[in-house]
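I'd like to ask you about the structure that follows.
Residue numbering restarts at 1 for every chain, and letters A, B, ... go by the order of the sequence lines.
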Protein chains: 2
Amino acid sequence: MKADLKEHIQKIIPLTDEEFAFVNSHFSTKKFKKHQFLIQEGDPVKYSYFVISGLLKLVYTDSSAKQHIVSFAMEDWWESDFYAFYTQTNATMSLECLEDTEVLCCTLDDYKKLCSGLQKMERFFLEKATFGFLGSQRRIISWLTSNSKERYEHLLQQYPSLFQRVPKSLIASYLGVSRETLSRLSS
Amino acid sequence: MKADLKEHIQKIIPLTDEEFAFVNSHFSTKKFKKHQFLIQEGDPVKYSYFVISGLLKLVYTDSSAKQHIVSFAMEDWWESDFYAFYTQTNATMSLECLEDTEVLCCTLDDYKKLCSGLQKMERFFLEKATFGFLGSQRRIISWLTSNSKERYEHLLQQYPSLFQRVPKSLIASYLGVSRETLSRLSS
DNA sequence: AATAATAAGTGATGTATATCACATCAGGAA
DNA sequence: TTCCTGATGTGATATACATCACTTATTATT
């Protein structure tokens, strides 16, 4: 299972077995069932998660109790309420399983030790953060330049598997349109 | 002028004079006049920029030649077409002066040397990338949860000075509404 | 198997926003 | 000055999308 993490890191930076043992010691494994919460809005955020298997949704609930999908997290993705995690404040979002899910967990303390103890890991996280930023920027550009139908088709093309795994109402919420509109777009 | 950079870095990580001299040696200074381009769509992106004074717009031009403001960059901000910069590909966006602007320039090569040569700088850039990501995520959430008027008011409250410095048509483009709609919102 | 809950499609209607057209005003260049 | 360009406001109209209401199909629960 933890072999997944090693491979994931190696895509960016090669690690010796010894180095990986060090990395490994900063993670713990947890399993969750569908519908379980890894993070609940209002609670402290203890971990940053690396998804080994399964699927999660990161949800922001607005003042009128409407839920918005901020992101999905599938195999090989990192997810958390990162703002709350880094600043050690309470969660403003929730993280919930859409399928049975297995994750590796890393506390902020372990994250910092990992970065200080092994410069390669700081490099690794820098690369992750950079491309995370670029991904968000692309999503913003897609908002600015495309209509709902184009955004829908772009997502379909980028993550076809997602459409097999989650109800369309959640896809709609991620795209920022109503489920009725999404239904009409796809027909 | 370069004192600005030192102060900016020190907000995150203290540097000795010697360390700062090392950092400094990886930047060059450039000045641009209003309407000049730092990056032109289609050209290679040689630098990542730190804004000392002035104001820039990062613009994405869509297939129907319509311009969209991806971001503004003011004093103390880092800006570039980061995807093109990191991957050394050609720019898909342009970066243009809205005012006379002075910047510090860093090549990808120097960026890498900075990170390898001084772990503090890798830490610094990791923090910048992380909070850059979080900023973009907040902007996405604001898209998902708010209407145009709310997004307008939120921006006004967050960056009141921007409204003194740029025409409202550009604010509209940043918010993703037409300039006519923005005009009606603000009245 | 029976019942309930969730997912998905679709019509009718209202609303926010884009688009087009035009008027006004300010600042810079000849 | 006079001319031009860019910025801003505002009416009229078109359009994309949300919302509400209802139906049908699928999946989960007892």
Worksheet, complete the sentence: With five pairs defining each end axis, the helix from dA1(C)-dT30(D) to dA30(C)-dT1(D) comes out bent, to 10°, by 40°
Discussion item. Expressed as a whole number of angstroms, how long is the span from Gln164(A):CD to dT27(D):P?
Written reply: 13 Å
Worksheet entry | B/S/- contact track for nucleotides 15-30 of chain C, protein heavy atom under 4.0 Å | --SBBB----------
Item to complete: Assess the pair Tyr152(A) and Phe163(A): is the distance between their ring centroids shorter than 6.0 Å?
Response: yes
Worksheet item: How would you label the contact of Ser183(B) with the nucleic acid (heavy atoms, under 4.0 Å): base, sugar-phosphate, or nothing?
Response: base
Worksheet item: Would you call the rings of His8(A) and Phe124(A) parallel, tilted or perpendicular, where under 30° means parallel and over 60° means perpendicular?
Response: perpendicular
Worksheet item: What is the distance, rounded to the nearest whole Å, between atom CG of Leu175(A) and atom C1' of dC17(D)?
Response: 14 Å
Response to the item:
Residue set satisfying side chain to side chain donor-acceptor pair (under 3.5 Å) with Gln36(A), at least two apart, ordered chain then number -> none
Fill in: CA sep, side-chain torsions, deciding dist, call: Tyr174(B), Phe72(B), ring-ring contact (aromatic ring centres under 6.0 Å, His included)
CA-CA 8 Å; Tyr174(B) 177 84; Phe72(B) 297 104; 5.5 Å; yes
Discussion item. Measuring only between side-chain heavy atoms, which start at C-beta, is Ile69(B) closer than 4.5 Å to Ser71(B)?
Written reply: no
Worksheet item: To the nearest angstrom, how far is Ile171(B) atom CD1 from dG9(D) atom P?
Response: 12 Å
Discussion item. I need the NZ-P distance between Lys168(A) and dA25(D), as an integer number of Å.
Written reply: 16 Å
Response to the item:
Shortest non-hydrogen pair, Thr101(B) vs Leu55(B), comes out as OG1-N, 3.2 Å
Worksheet, complete the sentence: Whole-Å distance, Tyr152(A) OH to dA8(C) C1', equals 12 Å
Worksheet item: In whole angstroms, how far is the C1' atom of dA18(D) from the NE2 atom of His68(A)?
Response: 13 Å
Worksheet item: Does Arg165(A) use its side chain to pair, donor to acceptor, with the backbone of Gly54(A) at less than 3.5 Å?
Response: yes
Worksheet item: Rounded to whole angstroms, how far apart are CG on Leu170(A) and P on dT6(C)?
Response: 13 Å
Discussion item. Testing the basics here: between Ile39(A) and Ala91(A), what is the closest heavy-atom pair and its distance to 0.1 Å?
Written reply: CG2-CB, 3.5 Å
Worksheet entry | Whether Phe27(B) and Trp78(B) hold their rings parallel, tilted or perpendicular, with breakpoints at 30° and 60° | tilted
